[in-house]
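First the structure, in the form of structure tokens, and then the observations on it.
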Number of protein chains: 2
Amino acid sequence: MAKPPKENSPITEHLAYLLAQANREINRQLETRLSKEGVPVEQWRILKVLSDGNGHSMGELAEAVLLNHPTLTKMIDRMVSDALVYRVQDPKDRRKVLMFVSDRGKALSRRLNSLAVSQEEHIVESYGDKSTNELKRLLENLIGSAN
Amino acid sequence: MAKPPKENSPITEHLAYLLAQANREINRQLETRLSKEGVPVEQWRILKVLSDGNGHSMGELAEAVLLNHPTLTKMIDRMVSDALVYRVQDPKDRRKVLMFVSDRGKALSRRLNSLAVSQEEHIVESYGDKSTNELKRLLENLIGSAN
DNA sequence: CTTCAAATGTTGAATATTCAATATTTTCAC
DNA sequence: GTGAAAATATTGAATATTCAACATTTGAAG
């Protein structure tokens with residue numbers, strides 16, 4: 001039974017540590033899959049978010065893909081060079097830049113999604129459908145409560 | 001009900017994404033607490049692991065604190081400069097270096113643990129005891145099944 | 001015993017991330 | 001309407017991380 005960790009209890013009883021460890025492992029698995037397309041996980045996230053076809057501002061996008069502003073700017077620079085996405089100045093608010101995915105980006109996004117889905121299926125296989133869903137639910141609640 | 005994500009389902013239904021998001025938020029909270037001592041989360045992990053008083057090799061330690069080798073080496077360099085830890089060559093296997101925590105490191109570790117425990121108590125408060133324990137259990141199982 | 005492969009840790013160069021400062025545009029108080 | 005403050009994105013310098021190469025030591029095959 002997990003109890004709230006005391007000062008001398010092992011680090012493996014801390015939620016913060018367990019989250020970091022689980023995240024690291026799952027992220028590595030995903031990274032390995034995506035490396036088939038030579039793309040880092042963050043670019044998958046970016047393309048996936050942009051794939052709704054709407055323009056997203058940099059701030060919005062940074063929040064959604066879990067990157068801070070300057071890091072995102074530089075990653076987007078690369079993706080623009082690779083013609084995966086493009087910038088449009090927001091006509092409603094000219095401070096903002098709206099990001100869109102190109103056709104090339106859409107095609108890549110489809111291939112990446114297929115890899116990501118297959119990874120998740122692999123997790124469900126070895127970890128179980130019930131546990132996976134339960135874990136997702138708990139994570140959503142945690143994220144909601146942590147804001 | 002969470003289902004295995006399809007190719008066009010939002011990124012928030014991917015376990016990999018939920019883990020990354022939860023980890024990011026909890027890690028930020030912890031970071032904020034630990035900043036009172038001016039110490040990054042990784043150094044808390046290192047001190048905590050070394051606080052069992054046994055010597056740990058760099059490889060072992062890198063695995064335990066979720067850092068890769070060169071990153072750990074450089075962080076340990078800093079901590080040696082700060083007199084928090086020290087290196088001893090393993091007499092049994094002279095390729096290895098055994099890391100130990102100094103008295104100064106132990107004192108800091110106690111203060112950091114207290115901050116970390118208080119953070120976890122805060123999580124339990126707002127998220128619930130039952131959910132927290134259940135989440136920990138599921139994460140442990142995931143980590144076990146992913147190896 | 002010698003030699004060669006594997007294990008361990010560190011280093012330096014290349015790359016990526018972050019922090020603080022900047023530029024631009026909008027909003028809001030007056 | 002004007003000017004100050006806030007919001008948004010980018011940039012450049014400072015830091016940190018990673019990759020590949022290296023050095024040392026051990027283990028094991030012959």
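No experiment lies behind these values; they were computed from the predicted model shown. So that the names make sense, note that chain A is the first sequence line, chain B the second, and so on, each numbered from 1.
Remark: B/Arg137 does not engage B/Glu140 in a salt bridge, criterion side-chain N to carboxylate O under 4.0 Å. Salt bridge A/Glu120/A/Lys136: present, at least one basic N to carboxylate O contact under 4.0 Å. With respect to the salt-bridge test (charged N to carboxylate O, under 4.0 angstrom), the residues A/Lys92 and A/Asp90 do not qualify. One finds a salt bridge joining B/Asp103 and B/Lys106 here, because a Lys/Arg side-chain nitrogen approaches an Asp/Glu carboxylate oxygen to under 4.0 Å. The existence of a salt bridge linking B/Glu31 and B/Arg24 is excluded, since no basic side-chain nitrogen approaches an acidic carboxylate oxygen closer than 4.0 Å.
Distances shorter than 4.0 Å separate some side-chain N or O of B/Arg78 from OP1 or OP2 on D/dA16. Phosphate proximity of C/dT8 to B/Ser57: absent, as no side-chain N or O sits under 4.0 Å from OP1 or OP2.
Distance CZ (B/Arg94) to C1' (C/dT10): 17 Å, rounded to an integer number of Å. Distance CZ (A/Arg95) to P (D/dA5): 16 Å, rounded to an integer number of Å. Taking atom CG of residue B/Asp77 and atom C1' of nucleotide D/dT17, one finds them 14 Å apart after rounding to whole Å. Atom CE in B/Met75 sits about 15 Å away from atom P in D/dT15, given to the nearest Å. In this structure, A/Lys74 places its NZ atom 12 Å from C1' of D/dT15, rounding to the nearest Å. The nearest whole Å value for the distance from the CD atom in B/Glu42 to the C1' atom in D/dT18 is 15 Å. Computed from coordinates, the B/Arg28 CZ to C/dT18 C1' distance equals 12 Å when rounded to whole Å. To the nearest angstrom, P of C/dA6 lies 18 Å from NZ of B/Lys96.
The side chain of B/Asn68 has D/dT18 as its nearest neighbour among D/dT18, C/dT17, C/dT10. Closest approach to the B/Val97 side chain among C/dT17, D/dT18, C/dG9 is made by C/dG9 (side chain taken as heavy atoms from C-beta onward).
Along DNA chain C, the nucleotide nearest to A/Thr71 and the one nearest to B/Asp93 differ in position, and the one closer to the 5' end is contacted by B/Asp93. Position along DNA chain C of the nearest nucleotide to A/Pro70 versus A/Lys92 favours A/Pro70 as the more 5'-ward residue.
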